[in-house]
Protein chains: 2
Amino acid sequence: MADSAPLPPAAADAADIRAATVAAGARPRRSDATRAAILAAARDRFAADGYERATIRAIARDAGIDPSMVMRYYGNKEGLFAAASEIDLRAPDLTGVPRGERGARLVRHFLERWERDETLTGMLRVGVTNEAGAERMRGVFRDQMGPVIAAVCPAPDEAPARAALIASQILGMALCRYVLHLPPAVGLSRDEVVGWLAPTVQRYLTAELP
Amino acid sequence: MADSAPLPPAAADAADIRAATVAAGARPRRSDATRAAILAAARDRFAADGYERATIRAIARDAGIDPSMVMRYYGNKEGLFAAASEIDLRAPDLTGVPRGERGARLVRHFLERWERDETLTGMLRVGVTNEAGAERMRGVFRDQMGPVIAAVCPAPDEAPARAALIASQILGMALCRYVLHLPPAVGLSRDEVVGWLAPTVQRYLTAELP
DNA sequence: GCGCCAAGTCAACGGGTGTTGGCATACGTG
DNA sequence: CACGTATGCCAACACCCGTTGACTTGGCGC
């Protein structure tokens with residue numbers, strides 16, 4: 001079974017520092033850089049290893065500090081996970097997009113989002129194994145996918161089901177392509193994926209109920 | 001975080017015993033019932049908890065024997081997992097199904113397969129977290145989905161990509177419905193899911209390349 | 001009836017885990 | 001400059017893990 005290779009020291013950028021600052025709801029402190037480094041390392045580890053195999057000791061090592069600091073700043077492993085898994089899908093506003101291009105727009109956005117960093121891979125990895133992770137995914141879906149779909153959905157009461165259908169296709173492709181690495185799914189170009197999936201999403205968005 | 005509740009003692013049926021017997025490539029031995037009990041308990045635990053959280057001690061407790069027996073019969077945890085995760089999708093032969101009904105047939109079959117027991121949930125759970133599990137899923141996809149799709153695919157070289165697209169939609173719905181428990185996905189009836197997904201799968205099966 | 005071998009139990013090992021408390025140190029403030 | 005506090009490290013705790021080896025039991029063939 002593959003050992004978890006050591007990860008390069010996680011780079012905590014300005015956004016991370018700001019996030020770590022506001023997360024504590026206070027003005028800047030001397031330890032914000034450390035908090036941010038922990039958060040960045042935790043994100044990487046959770047994404048790469050899942051909740052169980054991502055150890056606090058490994059996260060601390062990546063961040064270059066002592067494990068006890070993690071406990072001091074985030075309480076326990078669950079608290080660290082909660083802080084590290086704040087997800088912003090940046091789902092696009094579809095109301096300004098021509099009706100026929102909305103499917104393609106959604107698919108392309110999420111492909112790019114998925115390839116930019118390992119955040120979503122991590123979310124999926126933890127969501128599948130861990131109930132707290134699953135609850136977080138349900139929250140992200142409800143709060144960030146729901147409104148986007150509802151805004152362009154003819155009948156408001158159909159919106160949740162349509163959103164779930166769209167999520168199933170997009171998540172399923174991400175699963176095959178970025179997590180399971182099924183060779184044919186990996187082999188498709190980004191444009192090919194959009195070409196295949198866009199009509200599906202478009203139909204889930206607008207077609208009559210079957 | 002949810003503790004893993006104790007599981008009821010896993011029932012090892014005749015098929016399990018036979019499987020445990022043939023797995024060792026020998027004629028019946030006195031320990032076949034024990035081997036089968038271990039296997040059944042392991043399947044349940046891996047499905048419910050994933051690879052890391054499913055401990056050999058818990059599996060042995062469920063099977064009502066000593067942990068060292070697991071080691072004696074299956075070598076180590078990886079060996080146990082390999083023996084416990086032999087999957088048979090029983091994917092239907094589509095050549096006898098009318099061309100227009102193949103999508104619906106596939107979707108309905110996999111929904112039923114997924115709901116019958118927790119085997120596939122377990123496969124997904126382990127496949128997402130664990131490289132050995134992912135490799136196993138790639139093998140199942142290649143050996144059991146590939147041929148079924150190729151048999152009804154006009155151009156043979158397109159078969160793998162089409163199979164991957166179909167897998168992405170079916171796995172994605174299973175993920176949302178049976179693993180993440182997204183409320184709108186859970187709320188759909190089985191017929192509604194078939195009604196929505198069948199045209200998608202049908203198109204992946206037969207449509208011109210985009 | 002006796003010996004042999006499979007089947008199973010028991011206790012322990014070395015290591016890794018999350019988590020805790022005490023101690024040194026550098027900083028910001030009066 | 002002195003003091004309190006935030007920051008960080010160190011060592012340890014109690015627990016659980018996979019795995020091992022020695023020991024006991026029970027059934028079967030000769």
Side-chain angles (χ1 to χ4, degrees), chain A residues 1-6 12 17 20-21 24-39 41-42 45-46 49-84 126 129-130 132, chain B residues 1-6 9 12 17 20-21 24 26-39 41-42 45-46 49-84 126 129-130 132:
Chain A
M1 207 120 311
D3 270 16
S4 58
I17 296 185
T21 306
R27 65 195 174 291
R29 280 154 309 186
R30 201 151 37 96
S31 60
D32 284 345
T34 299
R35 296 175 122 93
I38 294 174
L39 225 46
R45 275 289 172 192
F46 283 131
D49 296 342
Y51 186 84
E52 328 290 340
R53 280 204 337 240
T55 69
I56 292 202
R57 287 171 144 94
I59 291 169
R61 203 177 323 123
D62 291 351
I65 48 93
D66 189 88
S68 64
M69 301 307 295
V70 178
M71 310 304 297
R72 193 200 288 279
Y73 291 140
Y74 295 98
N76 54 27
K77 193 178 178 181
E78 259 193 85
L80 173 62
F81 170 69
V126 177
T129 324
N130 187 273
Chain B
M1 207 123 305
D3 269 14
S4 58
I17 296 185
T21 306
R27 65 194 173 294
R29 279 153 311 182
R30 203 150 37 95
S31 61
D32 283 345
T34 299
R35 298 175 120 93
I38 294 174
L39 225 45
R45 276 289 173 192
F46 282 132
D49 296 342
Y51 186 84
E52 327 291 339
R53 278 199 345 237
T55 69
I56 290 201
R57 288 169 143 96
I59 291 168
R61 202 177 324 124
D62 290 351
I65 47 93
D66 190 89
S68 64
M69 301 307 295
V70 178
M71 310 305 295
R72 193 200 285 281
Y73 292 141
Y74 296 97
N76 54 27
K77 191 177 179 181
E78 259 193 82
L80 174 62
F81 170 69
V126 178
T129 325
N130 188 272

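The sequence lines fix the lettering, A, B, ..., with proteins before strands; numbering per chain opens at 1.
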Between [X] ([atom1]) and [N] ([atom2]), how many Å, whole number?
X: I65(A); N: dC10(D); atom1: CD1; atom2: C1'; result: 14 Å
X: Y74(A); N: dT7(D); atom1: OH; atom2: P; result: 12 Å
X: I59(B); N: dT19(D); atom1: CD1; atom2: P; result: 11 Å
X: E52(B); N: dG18(D); atom1: CD; atom2: P; result: 10 Å
X: R35(A); N: dA6(D); atom1: CZ; atom2: P; result: 11 Å
X: R53(B); N: dG18(C); atom1: CZ; atom2: C1'; result: 15 Å
X: R45(B); N: dG18(D); atom1: CZ; atom2: C1'; result: 16 Å
X: K77(A); N: dT17(C); atom1: NZ; atom2: P; result: 9 Å

Toward the 5' end of DNA chain C, by each residue's nearest nucleotide, R72(A) or I56(A):
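The answer here is I56(A).
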For DNA chain D, whose closest nucleotide is more 5', that of S68(A) or that of D66(B)?
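The answer here is S68(A).
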Over 60° means perpendicular and under 30° means parallel, so tell me whether F46(A) and F81(A) are parallel, tilted or perpendicular.
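Rings of F46(A) and F81(A): perpendicular, as their planes differ by over 60°.
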Tell me whether the OP1 or OP2 atom of dG8(C) has a side-chain N or O from Y73(B) closer than 4.0 Å.
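So the side-chain polar atoms of Y73(B) do come within 4.0 Å of the phosphate oxygens OP1 or OP2 of dG8(C), strictly under.
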Closest to the T55(A) side chain, choosing from dG18(C), dA7(C), dT7(D):
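In terms of side-chain proximity for T55(A), the closest of dG18(C), dA7(C), dT7(D) is dG18(C).
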Give the nucleotide from the list dT19(C), dT19(D), dT9(C) with an atom nearest to the side chain of M69(B).
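The nucleotide sitting nearest to the side chain is dT9(C).
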Minimum heavy-atom separation for [X] to [Y], with atom names?
X: M71(A); Y: N76(A); answer: CE-CA, 3.6 Å
X: P67(A); Y: I56(A); answer: O-CG2, 4.1 Å
X: A42(B); Y: A84(B); answer: CB-CB, 4.0 Å
X: T129(A); Y: D49(B); answer: CG2-O, 4.0 Å
X: Y51(A); Y: K77(A); answer: O-NZ, 2.9 Å

If you write DNA chain C from 5' to 3' in dot-bracket form, with Watson-Crick or G-U pairs under 3.5 Å, [ ] for crossing pairs and | for pairs with another strand, what do you get?
||||||||||||||||||||||||||||||
Hey, does the side-chain of R57(A) have a donor or acceptor N/O within less than 3.5 Å of a partner on the base of dG18(C)?
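Looking at the base of dG18(C), it does pair with a donor or acceptor on the side chain of R57(A) (distance under 3.5 Å).
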Sequence-distant partners of D66(B), side-chain hydrogen bond (donor to acceptor under 3.5 Å, both in side chains), two or more places apart
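Counting only residues at least two positions away or on another chain, D66(B) forms a side-chain hydrogen bond (donor to acceptor under 3.5 Å, both in side chains) with S68(B).
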